[in-house]
Amino acid sequence: MSIIYQENTKTFHLYNQEISYIMTVLPNGHMGQLYFGKRVHHRADYSYLYETNSRPMASYVFEDDHSLSLEHIKQEYGVYGTTDYRRPAIEILQQNGSRLCDFRYRSHEIFFGKPGLSGLPATYVEEEREAETLRLTLEDPLTGVGLELLYTIFAEGGILARSAKVNNGGKETLHLTTAMSLCMDLPDCDYEWLQLSGAWARERHVKVRKLEQGIQAVDSRRGNSSHEHNPFIVLKRPGADEFQGEVIGFSLIYSGNFLAQAEVDTHDTTRVLLGIHPMGFDWQLETGESFQTPEAVMVYSEQGLNGMSQTFHRLYQKRLARGYWRDRVRPILNNNWEATYFDFTEDRLVEIAKKAKECGVELFVLDDGWFGRRSNDHTGLGDWVANPERLSCGITGLAERIEALGMKFGLWFEPEMVNKDSDLYRKHPDWILAAPGRSSSHGRNQYVLDFSREEVVGCIYEMMAKILSEAKVSYIKWDMNRSITECYSQALPPQRQGEVFHRYILGVYALYERLTAQFPQVLFESCASGGGRFDPGLLYYAPQGWASDDSDAIERLKIQYGTSYCYPISSIGSHVSVIPNHQVFRNTPLHTRANVAYFGTFGYELDLNRLTVEEQRMVREQIDFMKTYRHLLQFGTFYRLVSPFDGNITCWMTVSEDQTEAIVGWYRTLSHVNMPYTRVRLHGLNPDFYYEEQRTGISWFGDELMHIGLITTDGMAGQVEENTGEYGDFDSRLYVLKAVRCPEEV
Ligand code: GLA
């Protein structure tokens with residue numbers, strides 16, 4: 001890995017074994033983008049990549065220079081208003097009403113390591129030599145505004161992390177109305193665009209379309225990263241697939257309003273923008289103040305989408321997630337939500353926990369309904385004190401009873417919300433986001449606390465910290481069950497209202513930071529009505545997230561498959577729930593429910609007492625299986641093999657680092673009669689290892705499994721006994737492969 005600055009040509013080359021990123025200072029002092037992609041040789045002069053062409057109807061920056069028309073030049077951080085008509089990376093409203101700016105290169109710094117971003121989640125290094133950083137400093141001479149563009153290249157993987165910081169070094173107060181984390185001009189538009197989109201209970205479905213002239217974008221204006229779109233896109237070459245070909249993934253480490261967009265101009269160049277959504281954003285910058293954008297991460301891979309995902313998985317698992325749980329397998333939990341909803345007593349909870357313990361569950365989680373006067377969703381949010389009518393000895397007492405069973409205890413919170421029927425609201429009616437003179441919309445009967453205010457965050461912190469200090473709580477599920485409306489803070493002046501969405505998220509991060517720092521061994525799981533805030537920002541604090549409120553195994557195939565494009569398997573909250581399923585009323589076999597949930601954090605979202613004796617036996621086996629293989633399942637190298645978005649079969653697999661173990665998950669949505677012969681070609685195995693399938697004892701060489709394929713035809717070798725015909729639709733199999741000595745070689 002290296003960052004080289006060539007003084008004579010004013011060119012920067014950032015490279016490692018896999019990628020090169022090249023940029024230069026343009027004749028007008030702006031930064032120009034020359035190349036991003038597979039590693040190329042270093043040379044002193046890449047000026048041939050600075051392409052300009054005298055074009056009809058162009059406008060030029062300099063009177064005597066008929067080549068410098070910014071709209072025809074690939075840039076690092078484009079501005080609007082002179083000769084570039086594309087959407088800009090930055091816009092600043094000045095006191096004279098002008099929004100023009102002219103950022104010119106001033107200086108740069110190159111150093112090992114990677115600085116943190118104050119108040120924001122970001123990737124990090126543990127050793128300085130893991131990464132090298134370039135800080136470019138630019139300035140707009142008229143306003144005196146400084147711009148720091150940060151580029152970090154990691155030694156391993158095709159990863160480049162970027163962010164920007166705006167410093168008001170001038171004399172007047174300014175308004176920052178756009179500040180993207182990343183602006184990236186690519187020389188052509190021969191790409192397909194992939195996004196993860198959906199809705200509540202249908203999150204992160206994969207959608208692909210060709211990039212076309214014009215703007216294509218996904219975004220959120222809801223205050224959270226949203227169920228609808230994820231702050232992640234991929235540009236892939238048309239020939240690229242899961243296993244080969246060029247792809248670039250773009251991911252934003254942020255949990256609030258975002259914009260991810262690609263603009264293809266008339267000359268077929270593509271500008272990618274990623275950052276805080278400019279709509280409604282307006283940050284007042286006083287003299288001497290700075291604004292730091294969130295971090296954006298680009299991953300280049302020529303090993304197709306799986307190659308890109310594996311790089312994201314490693315980075316986000318090891319250098320974004322932090323703390324005690326980062327490298328640890330996740331406890332198998334039983335959550336009471338779908339078992340009881342609001343209808344529980346302390347004894348009922350203990351009864352559920354007892355059976356869970358008997359089956360091998362390690363953590364019992366009490367979900368919504370334990371606090372204030374919460375007996376339904378109209379009341380109680382904001383009063384984070386146990387309801388004595390339900391829990392006579394409070395959380396402390398219940399936690400003790402659970403611990404006495406030999407289990408850990410976990411608890412649900414929804415810290416950012418309040419019901420009007422709560423002591424907190426009665427005491428502080430001005431603590432919600434609400435616009436003066438306007439009515440306030442609610443969602444699920446609740447209102448959003450103004451987390452842009454320190455005193456609000458402080459008060460919630462006190463209530464949560466008290467419980468965590470007094471009771472033995474090992475896990476927190478942090479929920480957020482509505483989007484934000486009337487985003488107005490009663491504590492901020494009119495000219496600062498455009499800051500509230502972002503300040504809100506900074507407040508969320510601040511609370512997470514305080515709690516995770518003070519209670520480092522507590523495992524946090526993020527949640528927002530399922531997967532409404534499943535983003536890299538929260539992974540920094542909570543190493544796992546509840547992926548969706550849809551707990552049906554067949555629905556989960558698509559949700560978890562889509563989620564895996566960016567997020568590691570160890571982060572995907574996945575549970576076995578009852579049938580008929582509570583969201584889609586489907587009956588799926590118990591083994592399929594587990595076979596899907598294994599590829600995630602794993603747990604149960606039901607009352608195990610209600611299962612038959614035979615089902616309880618199966619649950620015990622499932623838990624034993626997960627305990628044996630969870631390291632491989634959660635931290636192995638994950639490959640998507642067959643997509644649920646393409647047909648009736650889904651297949652994925654995970655391989656251990658030393659390639660001696662692998663688990664293949666195979667799922668068939670509907671059963672058909674007299675079905676064709678089928679094989680799935682595996683990936684990531686050692687071609688020379690001889691693998692034995694654990695249930696059948698049948699063995700193959702790695703190269704056979706990868707090139708000939710694993711035969712999955714019904715009734716053929718490798719099929720496990722579970723599939724005895726008892727279940728037709730929604731069947732699934734796991735193939736556990738272990739390297740053994742080949743008998744022919746003994
Ligand atoms: C959200 C979560 C659920 C559950 C409920 C409780 O919908 O996604 O898992 O915690 O809230 O109200």
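The residues of the chain are indexed from 1 along the displayed sequence. Each ligand, and each atom within it, is numbered from 1 in the order the structure gives.
Using a 30° and 60° split on the angle between ring planes, Tyr509 and Tyr254 fall in the perpendicular class, above 60°. Classification of the Tyr667-Phe599 ring pair by plane angle, with boundaries at 30° and 60°, yields perpendicular. Between Tyr604 and Phe602, the angle of the ring planes goes over 60°, which puts this pair in the perpendicular group of the 30/60° scheme.
Just one residue in the list Trp478, Phe524, Trp370 forms a ring pair (Phe, Tyr, Trp, His ring centres under 6.0 Å) with Phe413, and that residue is Trp370. Considering Arg556, His575, His582, Gln583 in turn, Gln583 is the only one that fulfils the side-chain hydrogen bond (donor to acceptor under 3.5 Å, both in side chains) rule with Ser551.
For Phe250 and Phe232, the gap between ring centers reaches or exceeds 6.0 Å.
A heavy-atom cutoff of 4.0 Å around ligand 1 is satisfied by the protein residues Trp337, Asp367, Asp368, Trp412, Arg444, Lys477, Asp479, Asn481, Cys527, Ser529, Gly530, Trp546, Asp549.
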